[in-house]
Amino acid sequence: MNYWLMKSEPDVFGIEHLKKMPKQTEHWDGVRNYQARNMMRDDMKKGDLVFFYHSNTEQPGVVGIMKVVREAYPDYTAFDPESKYYDPKSDPDKPRWFMVDVKYQRHTRRNITLAELKQYPELEDCPLVRKGNRLSIMPLNKQQWDFILDLENTD
DNA sequence: GCCAACGTTGGC
DNA sequence: GCCAACGTTGGC
């Protein structure tokens with residue numbers, strides 16, 4: 001079982017959107033970065049747990065937990081000229097981009113903010129807190145996952 | 001294969 | 001809205 005963190009802008013698709021989806025499940029489309037794609041396609045397994053992270057917002061941070069319910073399959077938004085994620089170089093016979101399905105589990109008890117996460121030496125190896133990091137999907141080890149999750153019970 | 005130009009992410 | 005960081009593209 002692996003642990004992950006995935007970023008999304010709450011104005012575009014936030015945790016409230018996921019919670020309101022049928023079956024509280026949605027496909028995680030629009031990943032257009034090879035490093036993120038590779039991890040999602042190769043390493044993300046059914047049952048893996050994922051932190052939902054709100055980016056590009058007033059208080060970026062971890063706001064909830066979701067679970068991978070379907071492993072990687074072609075991201076069809078890449079084939080749709082109407083989609084903002086359209087990529088003419090992705091061939092349906094040889095798709096370039098992939099997505100997984102995730103299901104809402106719960107909100108964390110509070111927004112565990114980036115500002116806060118940056119303070120802890122326990123997390124200094126995590127790409128999230130490194131300056132200029134733009135990875136939208138990143139793996140966490142169990143220690144990092146547990147550490148962040150414990151923070152929801154502090155003030 | 002190098003690298004300048006350009007586009008995007010995302011914190012602030 | 002600004003801009004640093006970084007990924008991608010494409011000319012050579």
Side-chain angles (χ1 to χ4, degrees), chain A residues 2-21 26-44 48-68 72-102 104-141 143-145 147-152 154-155:
Chain A
N2 302 311
Y3 300 94
W4 305 91
L5 179 146
M6 298 205 289
K7 298 178 182 174
S8 185
E9 302 185 24
D11 295 343
V12 180
F13 186 80
I15 191 165
E16 295 300 338
H17 296 101
L18 180 62
K19 190 178 180 181
K20 286 183 190 131
M21 295 302 294
E26 179 63 308
H27 48 268
W28 200 267
D29 61 17
V31 172
R32 296 291 179 270
N33 168 285
Y34 290 104
Q35 213 183 331
R37 177 205 66 182
N38 292 348
M39 289 188 287
M40 189 167 61
R41 184 191 57 192
D42 304 335
D43 300 327
M44 205 171 272
D48 284 0
L49 292 174
V50 185
F51 281 134
F52 199 127
Y53 176 93
H54 280 172
S55 65
N56 229 325
T57 184
E58 242 172 274
Q59 289 283 358
V62 171
V63 294
I65 297 172
M66 47 194 172
K67 185 159 79 176
V68 177
Y73 59 104
D75 182 342
Y76 52 75
T77 63
F79 311 138
D80 175 9
E82 301 297 310
S83 169
K84 68 168 179 163
Y85 298 125
Y86 178 56
D87 180 358
K89 292 178 200 152
S90 188
D91 181 341
D93 292 328
K94 201 167 179 280
R96 173 179 289 199
W97 304 114
F98 291 81
M99 57 190 178
V100 297
D101 287 355
V102 288
Y104 174 85
Q105 301 296 111
R106 66 177 180 88
H107 277 65
T108 43
R109 289 186 55 215
R110 61 187 187 85
N111 180 2
I112 305 164
T113 66
L114 177 64
E116 189 183 343
L117 295 172
K118 280 181 165 174
Q119 298 171 15
Y120 300 104
E122 286 88 341
L123 298 174
E124 67 190 8
D125 291 336
C126 180
L128 182 69
V129 301
R130 286 210 284 265
K131 194 178 178 186
N133 157 69
R134 293 165 47 188
L135 257 191
S136 63
I137 298 179
M138 67 189 75
L140 298 174
N141 62 37
Q143 288 73 23
Q144 292 165 335
W145 173 274
F147 184 81
I148 295 171
L149 198 51
D150 273 349
L151 292 175
E152 75 173 336
T154 63
D155 292 319

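Below, chain A is the first sequence line, B the second, and so on; all start at residue 1.
For A:N56 and A:R96, each mapped to the nucleotide of DNA chain C holding its nearest heavy atom, the one lying further toward the 5' end belongs to A:N56.
At the heavy-atom level, A:L135 lies under 4.0 Å from the strands shown only through sugar-phosphate atoms.
For the pair A:D11 CG and B:dG10 P, the computed distance is 14 Å after rounding to whole Å. Atom CG of A:N133 and atom P of B:dT9 are 13 Å apart (whole Å). In this structure, A:Q35 places its CD atom 11 Å from C1' of C:dC6, rounding to the nearest Å. If you take NE2 of A:H54 and C1' of B:dC12, they are 19 Å apart, rounded to a whole angstrom. When the P atom of B:dG10 is taken as reference, atom CZ of A:R32 falls 14 Å away, rounded to whole Å. Atom CG in A:D87 sits about 14 Å away from atom C1' in C:dG7, given to the nearest Å. Here the P atom of nucleotide B:dT8 and the OH atom of A:Y85 are 12 Å apart, to the nearest Å. For the pair A:K131 NZ and C:dC3 C1', the interatomic distance rounds to 10 Å; values are reported in whole Å.
Counting distance only, with no hydrogens placed and no angle test, the side-chain atoms of A:R134 and the base atoms of B:dT8 include a donor-acceptor pair under 3.5 Å.
Note on A:Y53: a side-chain N or O is less than 4.0 Å away from OP1 or OP2 of B:dG11. Proximity of A:K118 to the phosphate of B:dC12: a side-chain N or O atom is located under 4.0 Å from OP1 or OP2.
Side-chain atoms of A:E16 and A:H107 include a donor-acceptor pair closer than 3.5 Å.
Note: A:F147 and A:Y120 meet the aromatic proximity criterion, with ring centroids under 6.0 Å apart. The aromatic ring centroids of A:H27 and A:Y76 lie less than 6.0 Å from each other.
Contacts classified as side chain to side chain donor-acceptor pair (under 3.5 Å) and involving residues 78-90 of chain A (residues at least two apart or in different chains) are given here: A:D87-A:W97.
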